[in-house]
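A short worksheet on the structure shown next.
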Amino acid sequence: MESVAEQHSPLRRSSSTEPSDAGGVRSVQRAMEILSLLTETQPSVTIREIVDRTGLAKTTVIRLVQTLEQNGLLWATSRGYTAGPGLWRWAHLAQRSWEVPPETRQLMRDLAAAHRETVNLYMTRDVNRVCVAQEESPQALRHVVRVGDELPMWAGASSKVLLHDAGPAMLVRIATNSPWGDGHADTLREWAREATANGYATSAGEREPGLSAVAVPVTGRSVSVVAALCLSGPTLRFTPERVAEFIPALQEAAARMSEKGFDHPLAG
């Protein structure tokens, strides 16, 4: 039952505002689409480039760009619009919030130096896994993803480890987005069971041809799996002998990460 205060609160919205809400959400999505055009290889964009790449009307683009500029999220230069100081403040906050503990970073550095393959730390975000930390292999031929990149959960050693607590509905959602459709849920369930029983998981060419990986679980304070620590690289270097070396090294590092209870925003 609603209280009198709830019935007359000026903050309470009626259903008549829903079309306006939908328009607001659409504007936010369009603004994010414009910001996403900025990359390391393209640090600035012009109005014409935004129009061409988003398909939005020029008047809409100008209005959104002006709003983003007024809020410090874009900055006008002679070459076009680049990231504004407001994004720098948010980036600094995100970096401080998302950085893994120094001890975890050092463990990852040690693994990369000792085994000369890329070390990644992945966590679950809905039906995807997100890379929250990485130490690149020192070798020229190596596997690299960017911190913050989201990868699908329907394949890969890290996914098999992270599926430990996934329920039937989640497995179906993940499978639906896979190349194999809903029926892949049974395979995901078996992969998760094997990873839990073995204490590690491996993959070879499941998501990308020529790419192999070995992953082990990292647990949080509740002793549930909160992350996957992974070594990955070219399949030609992931021989059975090397994989056998990787597994105990990863497990030792993961155990040390888990001792203090792995802490990260995505860990909940």
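Just so you know, these numbers come straight off a predicted model, no measurement behind them.
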Inset, instruction - Return yes if some donor-acceptor pair links the side-chain N/O of T219 with the main-chain N/O of V225 below 3.5 Å, else return no. - result: no
Legend entry - Residue pair N177 / R173, side-chain heavy-atom distance below 4.5 Å: no
Inset, instruction - Mind jotting down which residue pairs meet the ring pair (Phe, Tyr, Trp, His ring centres under 6.0 Å) criterion with at least one end in residues 168-215? Sequence neighbours excluded, please. - result: W154-W180, W180-H184, H184-W191
Legend entry - Partner set under salt bridge (Lys or Arg N to Asp or Glu O under 4.0 Å) for E194, not counting sequence neighbours: none
Inset, instruction - Mind running salt bridge (Lys or Arg N to Asp or Glu O under 4.0 Å) on K160 and E206 for me, showing each step along the way? - result: CA-CA 12 Å; K160 297 172 185 178; E206 292 176 359; 2.7 Å; yes
Inset, instruction - With sequence neighbours left out, write down each residue that passes salt bridge (Lys or Arg N to Asp or Glu O under 4.0 Å) with E150, or none if nothing qualifies. - result: R125
Legend entry - Inter- and intrachain pairs under salt bridge (charged side-chain N to carboxylate O under 4.0 Å, His left out), touching residues 66-76, at least two apart: none
Inset, instruction - Just do the salt bridge (Lys or Arg N to Asp or Glu O under 4.0 Å) check on E103 and R256 with the steps written out, would you? - result: CA-CA 9 Å; E103 299 84 356; R256 293 176 63 182; over 6 Å; no
Inset, instruction - Not counting sequence neighbours, which residues clear salt bridge (Lys or Arg N to Asp or Glu O under 4.0 Å) with R207? List them please. - result: none
Inset, instruction - Quick one: which residue pairs count as a ring pair (Phe, Tyr, Trp, His ring centres under 6.0 Å) with a foot in residues 108-134, not counting sequence neighbours? - result: H115-F246
Inset, instruction - Would you check if the side chain of R142 reaches a backbone N or O of Q139 as a donor-acceptor pair within less than 3.5 Å? - result: yes
Legend entry - 4.5 Å side-chain heavy-atom contact, L74 and T82: no
Inset, instruction - Evaluate the salt bridge (Lys or Arg N to Asp or Glu O under 4.0 Å) criterion for residues R53 and E33: first the C-alpha distance (whole Å), next the side-chain angles of each, then the deciding distance (0.1 Å), finally the verdict. - result: CA-CA 10 Å; R53 294 176 62 183; E33 186 177 357; over 6 Å; no
